[in-house]
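Chain letters run A, B, ... following the sequence lines, proteins first and then strands; every chain starts at 1.
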Protein chains: 2
Amino acid sequence: MKKNQNIQVQYNQLKTKSGTHSPSLATIQDFIPDLQIKVDACFLSNPYATELFLEYFKKEILDTGKINALLEFYPSQNQIIAGFIEQRLQIDSGHIFVANGAIEAIQAIIHKYCRGKLMITIPTFSAYYEYATKEHEIVYYQLNKNENYRLDVKDYIKRVNEEKPNTIILINPNNPDGGYIKYDDLILLINELNWVENIIIDESFIHFAYEDSDMALKSVVADVINKANVYVIKSMSKDFGIAGIRCGYAIMAKEKVKDILKNGYLWNMNGLAEYFFRLYAREDFLEKYDIVRRKYITESLFFISELNQIKNIKVYPSRANFVLIELLNGSTADKVTNHLICEFGVYVRNCNDKIGLDGEFIRVAARTQKENKIIIEAIKNVVEDKNLCI
Amino acid sequence: MKKNQNIQVQYNQLKTKSGTHSPSLATIQDFIPDLQIKVDACFLSNPYATELFLEYFKKEILDTGKINALLEFYPSQNQIIAGFIEQRLQIDSGHIFVANGAIEAIQAIIHKYCRGKLMITIPTFSAYYEYATKEHEIVYYQLNKNENYRLDVKDYIKRVNEEKPNTIILINPNNPDGGYIKYDDLILLINELNWVENIIIDESFIHFAYEDSDMALKSVVADVINKANVYVIKSMSKDFGIAGIRCGYAIMAKEKVKDILKNGYLWNMNGLAEYFFRLYAREDFLEKYDIVRRKYITESLFFISELNQIKNIKVYPSRANFVLIELLNGSTADKVTNHLICEFGVYVRNCNDKIGLDGEFIRVAARTQKENKIIIEAIKNVVEDKNLCI
């Protein structure tokens, strides 16, 4: 018990040091070697897609010895790699800015094209307000807790028309709650707000969303490609389960891509990222990927339905691979996340630094079937533990 | 012969497409599958260091299965990785901005801290002027061909005092000619020009330089760490032979690192880059690295002395792992590089897009002993080929 208390103290120190983002697995293991993490349910990714990527990577890169050249030599330039995404999305590569993780595209767009007022929907992914500079004014659009943090499209349009921001930002499905704006509603919103200087749509979790049991992928990219004021941001870390490689991109007006690349970002992609985007362009890979995408959606649905059975918590409706959970047993997110990691080896996202959330929240990602069972057992145990209540 | 002519046409098209930077090996192989590259003497790196890295990588990451977690999960945050560099350089990590390749640090510093007039020594690495924006004014300091493009420190100081630039940039040893400013001279220069707002010293090739047969490493980092106006930029791609991973850093004033990281670059490093910097901090790795560094310097010295025997060319004096070669047989750099790659599979840098060079030049990097022999034979053949003269 004393050992676990020490671990808790060390974990709290590390959490403070990491600011508003969770420390990485490697960082946790460095600082607290005694802490055994069994399941990383903080990281929002499809573990079956990771398996698929690793299968290709092993066969084509490791077993062939191509890994050597991949690590030794310079990867291709940004616009060459954009050509692989062009093949996949069937849009001109001139519209594609390939990024060292979606976060690089967020940074480039906010710093280069967003002046004046940014309207940010909260709760949200904190980089959107953290990457704003002192030259920006931020106004928040608070999602309504009583409506389960779901976006009310009409109310949102009304508020944008009143507030007149230069830039609006929407993540679909939203992080940390998984709230989903239906494709038709989002297209309507974009058209109604066509006067806004910059409309940023972050589709980093769109591969996990669905409108019915067809589980069809509903991206807005093809619809907005000719709109000079719309940006679509895409992380590949989550859907393809490859956060360590750092792959993302943004779709935007050709002139903007040209301008961004004019004096920067020429060699921002590493050799593994280049390999990933080559795979992304290939039919054989994509066909297999779509199978594991659907498999993971099914697992996530089942996982969420199981979580819904647990007492003392409220699970917010999500159309993504994670859920926002409110603690209703009088305990705090700090206590619950520490207990989950230190006693059960289950790493979840403590949301106590998320602005726009009223209450005590954690965010939990779906993993494999086997890992999901561990997560559910751990949460059940912790939220029913009377010692953790105030 | 017809096949080779086709290859030449395709290669020229690709070169035009790649702008002022050479296309990568992977890009060349995509566009011209018929072209067999035997030696990449365009890329300026230590192949023995690549071997050493691959040996560790295989043993510690591939054979242990750690590669999976490295690709799947988020790497550590920027400042955590700076901690590994702190261990190596024995300077506070607050001074270290870890970059996705040195080029990212160049971009961040030029865009964020360099206003007004930049004084750039030419010939140089083109990113320094290409990454300047329309808000910058560029003045060039032309290195004197009659002095073998070596920097005349006194003349340089005089010119800076007259021109009064906000920023000065020096690469040591310089790219593309390998001209080296001695440690004492560089310290003198930095002190004399202490009034300049930004002094950027690029030490990307410093591991290949030497002042005598001790081959001791002479970085200025420790001397400038408390100078708020000095930046030291470091690529790891060359000395450690790992361009595909994208690792670099810049040393600068703490307030500047803090400011850069305030709204950006939080997760700019990939999992392999994190592994590399962990290795970089380790004594066992560094001891082995220093052996291959010295071995490669010796190979480079021998390579350069062999090149000096070839007729019809002038090899400029270099204290780096590459040489600038002027063609004196009346042929052009275009013809010679195309011939070298298409007929001999030897890829060298065509310098016809480098500003500040007067004449026809190629840049050739040293590789392994075996590869160096191939390069030398190919160059001999080509520069003695009468058909290639005008």
Side-chain angles (χ1 to χ4, degrees), chain A residues 17-19 21-27 30 40 43 45 47 50-51 53-54 57-58 62 67-77 79-80 83 100-101 103-104 107 110-111 127 130-134 237 241-246 262-274 278, chain B residues 17-19 21-27 30 40 43 45 47 50-51 53-54 57-58 62 67-77 79-80 100-101 103-104 107 110-111 127 130-134 237 241-246 262-275 278:
Chain A
K17 204 178 154 148
S18 300
H21 297 280
S22 309
S24 77
L25 266 192
T27 304
D30 277 353
D40 183 355
F43 174 44
S45 87
T50 305
E51 269 173 28
F53 173 78
L54 286 170
F57 179 68
K58 191 178 173 308
L62 297 184
I67 183 75
N68 295 15
L70 214 77
L71 301 183
E72 181 172 12
F73 298 114
Y74 275 91
S76 296
Q77 293 177 16
Q79 276 300 284
I80 300 279
N100 179 42
I103 193 85
E104 183 174 57
Q107 182 179 338
I110 292 187
H111 291 189
E130 288 169 357
Y131 278 27
T133 70
K134 56 180 189 250
S237 299
I242 49 154
I245 304 181
R246 316 304 299 122
K262 203 171 126 193
N263 39 43
Y265 304 101
L266 190 62
W267 292 294
N268 61 341
M269 304 308 292
N270 66 75
L272 289 173
E274 175 165 0
R278 284 172 184 267
Chain B
K17 205 177 153 147
S18 300
H21 297 279
S22 309
S24 77
L25 267 192
T27 304
D30 278 352
D40 182 355
F43 173 45
S45 86
T50 306
E51 271 174 28
F53 174 77
L54 287 170
F57 179 67
K58 191 178 173 309
L62 298 183
I67 183 74
N68 295 14
L70 214 76
L71 301 182
E72 181 173 11
F73 298 113
Y74 276 90
S76 296
Q77 293 178 15
Q79 276 299 288
I80 299 278
N100 180 41
I103 192 84
E104 183 174 58
Q107 181 179 336
I110 291 187
H111 290 189
E130 289 169 357
Y131 278 27
T133 71
K134 56 181 190 253
S237 298
I242 50 153
I245 303 181
R246 316 306 298 120
K262 201 170 126 190
N263 37 44
Y265 304 101
L266 190 61
W267 291 293
N268 62 339
M269 304 309 290
N270 65 76
L272 289 173
E274 174 165 358
Y275 172 65
R278 284 173 184 267

What part of B:Ile242 gets within 4.5 angstrom of chain A, counting heavy atoms only: side chain, backbone, both, or neither? both
Any residue meeting salt bridge (charged side-chain N to carboxylate O under 4.0 Å, His left out) with B:Lys262, in chain and number order, not counting sequence neighbours: none
Counting only non-hydrogen atoms closer than 4.5 Å, does A:Phe57 touch chain B with its backbone (N, CA, C, O), its side chain (CB onward), both, or neither? side chain
Should A:Tyr74 and B:Ser237 count as side-chain neighbours, where that means a heavy-atom distance under 4.5 Å? yes
Could you tell me which non-hydrogen atom of B:Ser24 sits nearest to which non-hydrogen atom of A:Pro75, and how far apart they are? CB-O, 3.5 Å
Could you tell me which portion of A:Phe43 (side chain, backbone, both or neither) has an atom closer than 4.5 angstrom to a non-hydrogen atom of chain B? side chain
Here the pair of heavy atoms bringing B:Tyr131 nearest to B:Gln107 is CD2-CB, 3.6 Å
Side-chain heavy atoms of B:Leu54 within contact of A:Leu71, under 4.5 Å: yes
Can you tell which part of B:Thr133 gets under 4.5 Å to a heavy atom of chain A, answering side chain, backbone, both or neither? both
Spatial distance of atom OH (B:Tyr275) from atom CG (B:Asn270) [nearest 0.5 Å]: 13.5 Å
Heavy-atom distances under 4.5 Å only: say whether A:Thr50 touches chain B with side chain, backbone, both or neither. side chain
Just so I understand: if I count every heavy-atom pair under 4.5 Å between each of B:Gln79, B:Glu130, B:Met269, B:Arg246 and chain A, which residue has the most? B:Arg246
Closest approach of B:Ile103 and B:Ala127, non-hydrogen atoms and distance? CD1-CB, 3.5 Å
Assert top hit (heavy-atom pairs under 4.5 Å, partner chain A, pool B:Leu272, B:Leu25, B:Asp30, B:Ile110) equals B:Asp30
Non-hydrogen atoms of chain B under 4.5 Å away: do they reach the side chain of A:Ala132, the backbone, both or neither? backbone
Those residues at least two apart in sequence (or on a different chain) that pass side chain to side chain donor-acceptor pair (under 3.5 Å) with A:Glu274 are A:Ser76, A:Arg278
Between A:Ile245 and chain B, which part of the residue has a heavy atom less than 4.5 Å away: side chain, backbone, both or neither? both
A:Leu266 versus chain B, heavy atoms under 4.5 Å apart: side chain, backbone, both or neither? both
So which of B:Pro23, B:Gly264, B:Ala273, B:Pro47 has the largest heavy-atom pair count under 4.5 angstrom toward chain A? B:Gly264
Tell me, for B:Tyr265 versus chain A, whether the close heavy atoms (under 4.5 Å) come from the side chain, the backbone, both or neither. both
Less than 4.5 Å apart, any side-chain heavy atom of B:His111 and any of A:Asn263? yes
Check each atom of A:Glu104 against the heavy atoms of chain B and say whether the ones under 4.5 Å are side chain, backbone, both or neither. side chain
